[in-house]
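Contents: one structure, followed by commentary.
Basis for what follows: all heavy atoms, side chains included, without hydrogens, waters or symmetry-related copies. Order of the sequence lines fixes the chain letters, A, B, ..., with proteins taken first and strands second; residue numbering starts at 1 for each chain.
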Amino acid sequence: MTAPVLPETGPAAARPLWRDWIESPLFLKSTAGIVLLLLWEGTVRAFAPSYVARPSGIVRIFTTVIGDPQFLAAAGATLWAVAKGLLVSLVLGTLVGFAMGRINMMERGLRYYVNSLFATPMVAILPLVTLWFGYNADARFAIVVFAAFFSITINACDGARSVPLEYLEVANSFRARPFHTLFDIIFPASLPYLLAGVRLAAGRALVGAVVAEFFVSIPGLGYYILYNSRTFKHNEAFVAVIVLVAAGVSFEVLMNWLTRRYLPWSRRD
Amino acid sequence: MSAPTRGTRYITVIVSLLAGAAVWEVAGHLTTEAFWAPLSATLQSLAEFARGGVLLRQAENSFRLYLSGLALAIVTGAPVGMLLARVRWLRVALENYIMMLYATPMVALIPFILSMMGFGFAPKVLVVFLFAVFPVLYNTVEGARSIRPELIEVAHSFRSNEWRLWCDVLIPYTLPFMMTGVRQAIARGLVGMVAAEFFLSPSGLGQMIMMGSQNFDTAGMLAAILIIVLLGVGLMDLGRFLENRFAAWRGYNR
């Protein structure tokens, strides 16, 4: 019987295997995760009062909180407000941004306002917004739109200006109608910019919704955090933070996937 | 589209600013006092704040908070990011967690900070720090990820020691990325500053806005908001200037 020649299984061959395993990203990342969680747990146990959130406490109450209808309603309210605000800002922001990008007059007239309102921390206008809309969900919606609108507008404007001139010239030569130029050339060409704007806007909108809930005290994840941390139930409150982070990260992942799937030419890295 | 001359460009901008001012003024007269104050009344209360010294005092409070938090964030974020640039396994281990913290809306942590640390200056600095540190860290690590291994290899081939390697390769290479982070940190830190002044112990410009809204002194509130808007614009320009100043170094990959 001619057995195949097996590689030597001495220490010389075994060691690289072991090293490979240690140096594999998955091992490094999960070890780091465990170490970070242990550090958190240890620090809180050693130095902080017992109500402070710690991993073991969060794990203990996680399923009850996630199953709590009140919590689900709060999460739904916040995320729905963010989604609605994003959608409204996307439509309005794209319109205004394209107008600014393609019409010089609009750009020169609005640039200062858009740029300065983009630079304004949205927290600062909270009292003004509550004055206008009252202490209710409308105020939260207004803040979300304020947070999201300007970053989308700025990006839509940049996108509309980045359309290669040749494309527009070709469209002109073929006597394309303005409507077609807008939807067949300007819109697809500025999609990568729009996506970048939406990505930025989503983060800001989430912050806006949470801040508005702190200030206005309407049901939502922000208020859930505020209420529970005031009554020293930090573990419960932290579950809401986890949901917020999960929402932010999954939106990011979704946008990445959309970009790769439908806009492969616009990958930035 | 014919290129507009310099003159017409300035004219449109000036006209638009004047139109904005006019709309502000007229809107103030058409609505009730509590809803919106005319520009003239806003400027009047701004002048009053300035004369009484309130403005200077509160702005100084805000600035101290902002600068402490921002400086702390840069001083920690940049070296740690550079360290991750050098030590590959540490970077691989931590980069996902840094990305996650970068995406975390830090405002959500304010209530925890409030109930653990109470009122005072330190918790507010912590808020500004948390808002500002992760953009610096995240962008520096992103820069580190794209550092070309050949650069380090060449440095090693020429027997450069660790110190020279940092000074001549790592720091110059990651600096432009770090500056993108600093620009983001400048903007986020300002949000953190106002949030801290609202939700922790009231102070500074945030307190001015709050007082205006509680006393139904809309003109006073708008004056304080106007200051913050101008501050935001100025800081954003500063951030962009810093970023562009170092962006030229990036060269090939931009």
- Item | Rounded distance [0.5 Å steps], CZ in A:R108 versus OH in B:Y10 | 12.0 Å
- Task: Check each atom of B:T218 against the heavy atoms of chain A and say whether the ones under 4.5 Å are side chain, backbone, both or neither.
- Result: side chain
- Message: Heavy-atom pairs under 4.5 Å with chain B: which of A:Y113, A:F27, A:Y51, A:F238 has the most?
- Response: A:Y113
- Message: Taking atom CZ as the centre, does A:F232 end up with more than 12 heavy-atom neighbours from other residues, nucleotides or ligands that are less than 6.0 angstrom away?
- Response: yes
Please tabulate, for side-chain N and O atoms in residues 221-230 of chain A, each donor-acceptor pair with protein atoms closer than 3.5 Å (sequence neighbours left out).
from, atom 1, to, atom 2, distance (Å)
A:N228, ND2, A:Y224, O, 3.1
A:S229, OG, A:I225, O, 3.0
A:S229, OG, A:L226, O, 3.2

- Task: Can you measure from CD (A:E107) to OG (B:S16) and round to the nearest 0.5 angstrom?
- Result: 10.5 Å
- Message: Report which part of B:E95 has an atom under 4.5 Å of a heavy atom belonging to chain A: side chain, backbone, both, or neither.
- Response: side chain
- Message: Please classify the contact of A:Y112 with chain B as side chain, backbone, both or neither, using a heavy-atom distance under 4.5 Å.
- Response: side chain
- Roughly how far, to the nearest 0.5 Å, is the CG atom of A:N115 from the CZ atom of B:R240? 6.0 Å
- Item | Portion of B:I14 that has a non-hydrogen atom of chain A nearer than 4.5 angstrom | neither
- Query: Side chains of B:W36 and A:W132: closer than 4.5 Å at any heavy-atom pair?
  - Reply: yes
- Picking from A:P25, A:A119, A:A240, A:A48, which has the most non-hydrogen pairs under 4.5 angstrom with chain B? A:A119
- Checking heavy-atom separations under 4.5 Å from chain A, one finds in residues 220-237 of chain B B:M221, B:L222, B:I225, B:I228, B:V229, B:G232, B:V233, B:M236
- Note on the structure: From the list B:A103, B:S213, B:A108, B:G192, the residue making the most non-hydrogen contacts under 4.5 Å with chain A is B:A108
- Answer key: most heavy-atom pairs under 4.5 Å with chain B among A:H234, A:R204, A:M105, A:M122 is A:H234
- Query: Considering only heavy atoms from C-beta outward, does the side chain of A:L131 approach that of B:F216 to under 4.5 Å?
  - Reply: yes
- Item | Interchain contact, A:V207 with chain B, by part (heavy-atom threshold 4.5 Å) | both
- Message: Out of B:L205, B:V191, B:L109, return the one with the most heavy atom pairs under 4.5 angstrom to chain A.
- Response: B:V191
- Message: How about CE on B:M211, more than 12 heavy atoms from neighbouring residues, nucleotides or ligands closer than 6.0 Å, or not?
- Response: no
- Query: Passes side-chain contact (heavy atoms from CB on, under 4.5 Å), A:L36 versus B:L94? Steps please.
  - Reply: CA-CA 10 Å; A:L36 288 175; B:L94 292 178; 4.3 Å; yes
- Item | B:F112, part contacting chain A, at a heavy-atom distance under 4.5 Å | both
- Report the option among A:G33, A:G203, A:S30 that has the most heavy-atom pairs separated by less than 4.5 Å from atoms of chain B. A:G33
- Item | Heavy-atom pair with the smallest gap, counting every atom of A:V123 and B:F198 | O-CE2, 3.1 Å
- Message: Please rank B:L17, B:V107, B:L101 by heavy-atom pairs under 4.5 Å with chain A and give me the top one.
- Response: B:V107
- Task: Determine, step by step, whether A:F215 and B:F199 satisfy the side-chain contact (heavy atoms from CB on, under 4.5 Å) criterion, reporting the C-alpha distance in whole Å, the side-chain angles of both residues, the deciding distance to 0.1 Å, and the verdict.
- Result: CA-CA 8 Å; A:F215 196 80; B:F199 300 118; 3.9 Å; yes
- Do you know which of B:G20, B:A187, B:G206, B:A19 has the most heavy-atom pairs under 4.5 Å to chain A? B:G20
- If you count heavy-atom pairs under 4.5 Å with chain A, which of B:L114, B:V15, B:V92, B:L90 comes out on top? B:V92
- Message: Rounded at 0.5 Å granularity, tell me how far OG1 in B:T12 sits from CZ in A:R111.
- Response: 9.0 Å
- Within 6.0 angstrom of A:K29 NZ, more than 12 heavy atoms from elsewhere: yes
N/O donor to acceptor pairs below 3.5 angstrom from side-chain atoms of residues 244-251 of chain A, sequence neighbours left out:
from, atom 1, to, atom 2, distance (Å)
A:S250, OG, A:A246, O, 2.6
A:S250, OG, A:A247, O, 3.2

Which donor-acceptor pairs under 3.5 Å do the side chains of residues 133-140 of chain B make with protein atoms, sequence neighbours left out?
from, atom 1, to, atom 2, distance (Å)
B:N139, ND2, B:P135, O, 2.9
B:N139, ND2, B:Q184, OE1, 3.2
B:T140, OG1, B:V136, O, 2.6

- Query: So how far is it from B:T104 OG1 to A:L206 CG, rounded to the nearest 0.5 Å?
  - Reply: 10.0 Å
